[in-house]
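Presented below is the structure to which this report refers.
Atoms within a ligand are numbered from 1 in the order they appear, just like the ligands themselves.
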Amino acid sequence: MSLHEEKKPTDFIRTIIEQDIARNLNNGQVVTRFPPEPNGTLHIGHAKSICLNFGIARQYPNSRCHLRFDDTNPEKEEIAYIEAIKEDVRWLGFDWGDHLYFASDYFERLYQLAEVLIQKGKAYVCSLSADEMRSYRGTLTEPGRESPYRNRTVEENLTLFRAMRAGDYPDGAHTLRAKIDMASPNINMRDPTLYRIRRVAHHQTKDRWCIYPTYDYTHCISDAIEQITHSLCTLEFEDHRPLYDWILDELHEELPCHPQQIEFSRLELEFTVMSKRILTQLVTGHHVSGWDDPRLPTIAGLRRRGFTPASIRNFCRLIGITKAPNYVEMALLENCLREDLEINAPRAMAVLDPLRVVLENLPDNHLEDITVANHPQNPNLGSRIIPLTREIFIERDDFDENPPKGFKRLIPGGEVRLRNAYVIRCRAIIRDPQTQVITTLMCEVDKDTLNKAPEGRKVKGVIHWVSAQRHYKAQVRLYDRLFTVPQPADPKSGGSFLDHLNPDSLKILENCPVEESLAHCQPGQAVQFERLGYFSPDIRDSKPNQPVFNRSVSLRDSWAKVENKR
Ligand code: ATP
Ligand code: MG
């Protein structure tokens, strides 16, 4: 648990729950669920829902949260997504205990309840084609028209529905519809579809079914079967709530539990996309390397990028739960990671754009072990030894021949401190005779300045460095926003979201010298490269002695500013 999490969140949903507990509704018990559809991997928007549902279960005594796969759409679903979703929920720090469920577990019950609705005269088999049904549905301003099949007898409906189940009809020949009100101002109440014929196998029930219940029909009944008390969902389901309540009211005798549906606004994040449909297109169109591409807002992508579970939970706590639709700035998410890593990530040195420096007053075989604290404030993170040798690398832009005013780093004849080591003075510049590019700086070490101020003068600049003789070479991946506009999927941004992809969202730097302590960094072990940002070893591509680092987040600048600096 991080520092922030000790403070209990409050929001309008928790207020309702606390009132319900106070009046001993449901015997004071709270049961929530997180109901993903296994048709893609989870993203940071889902994390908001996970933190809400599992967070509530953790907060109130006598409470629990179920993980339920809402798997009513077999064509689009895959077992691999089920496993990935479980892994993501666990990684975020939550646990469903014994309460793992699948909506498909309830297919038989759902079917029986559909027969109950038919028997009550509340559902009928409709034989309109999909196109006809659409034209009968009406619009927001015009009422719908009743299906000519609406008044089939109970017997006829039961016979047809059973034959649908038995596989007697092709896809689309019939549907089962609720008999509600074709003139309702709420289109969801205009005799919504409850079952469709789909002759496809299902990842859980295999070929047992050729009719599948719709999401709206399944969801409320699954909630009731599991005795959910508070069914928390995003705002787009607000218009579906009357149907949720209608179905459970009609089935009250068979299924007395009636969970309360409460809606909250979805998380939208700037400069990225959140819908699984669009994320799928990015992955299948190879615009990114996969679901765990570190530029994606998927949980797998964020994890690979180096985000910590605590930083994501803290982000979800900060954005809170409201009914107001909102776009959240990426900077907020990044800041949550910085806050975590500032305290918890050990420091190390790496050079992304190396310039060789020869410390000419040290002997060729000079090897000096300098003991360095891994964190400036946290002694628990220990210390390490870094070797100082005659040749080192510094960052090319830490030297400037014609420095602008106020430049505090190395200049011809000037002095700078090597981080954790000595003050050096630049005495000469060596260039490539052909290109005139600077290849080496000849510098002199002031041997009296190891972690101690030089006598009689001030040296302001401190730069990082890595031994040129003792280091590992790493591949370093720098990320920028995946899109160039804040709301790429919004039609107001013009064109398709693909038109707004940022061509420079990934920059790969090869052979960056990094200090030896980084050769064996474990995946998920974030580190601060001093002055450059927080980095973490890539989960997939990092190998012992051949580290690959992802920049998780820059130190404090926005991405744009850091790119300018580099
Ligand atoms: P998407 O549109 O991204 O595919 P979805 O809502 O179809 O999302 P589900 O798997 O059905 O995805 O969602 C599982 C749960 O997560 C639902 O309760 C849903 O409301 C919630 N959820 C999905 N996206 C967000 C979001 N951006 N912010 C908050 N909650 C979300
Ligand atoms: Mg969905």
Among His46, Arg266, Glu236, which residue places a heavy atom closest to atom 13 (O) of ligand 1?
His46
Please identify each residue that fulfils salt bridge (charged side-chain N to carboxylate O under 4.0 Å, His left out) with Glu329, with sequence neighbours left out.
none
Report, in ascending order of atom number, the atoms of ligand 1 lying under 4.0 Å from any heavy atom of Ser275.
3 (O)
Does ligand 1 come near enough to Arg277 that some N or O of the ligand is less than 3.5 Å from an N or O of the residue?
no
Considering both backbone and side-chain atoms of Pro35, is one of its nitrogen or oxygen atoms within less than 3.5 Å of a nitrogen or oxygen in ligand 1?
no
Under the 3.5 angstrom rule, does the side chain of Ser275 hit a backbone N or O of Arg277 as a donor-acceptor pair?
yes
Proximal atoms of ligand 1 relative to Met274 (non-hydrogen, under 4.0 Å)
3 (O)
Any idea which atoms of ligand 1 are less than 4.0 Å away from a heavy-atom of Pro36?
10 (O), 14 (C)
May I ask you to decide if Tyr60's main-chain N or O and Ser63's side chain share a donor-acceptor pair within less than 3.5 Å?
yes
Short side-chain to backbone donor-acceptor contact, Asn314 and Cys336, under 3.5 Å
no
Taking Lys76 for its side chain and Gly40 for its backbone only, find out whether a donor-acceptor pair lies under 3.5 Å.
no
Residues Asp95 and Arg90 bridged, charged N to O under 4.0 Å
no
The option among Leu235, Leu267, Thr280, Thr234 carrying the non-hydrogen atom nearest to atom 19 (C) of ligand 1 is Thr234
Is the closest N or O pair between Glu37 and ligand 1 shorter than 3.5 Å?
yes
Is the shortest distance from a heavy atom of Glu268 to ligand 1 less than 4.0 Å?
no
Donor-acceptor pair, Asn550 side chain versus Arg304 backbone, under 3.5 Å?
yes
With only distance considered, is His43 within less than 3.5 Å of ligand 1 through an N or O on each side?
yes
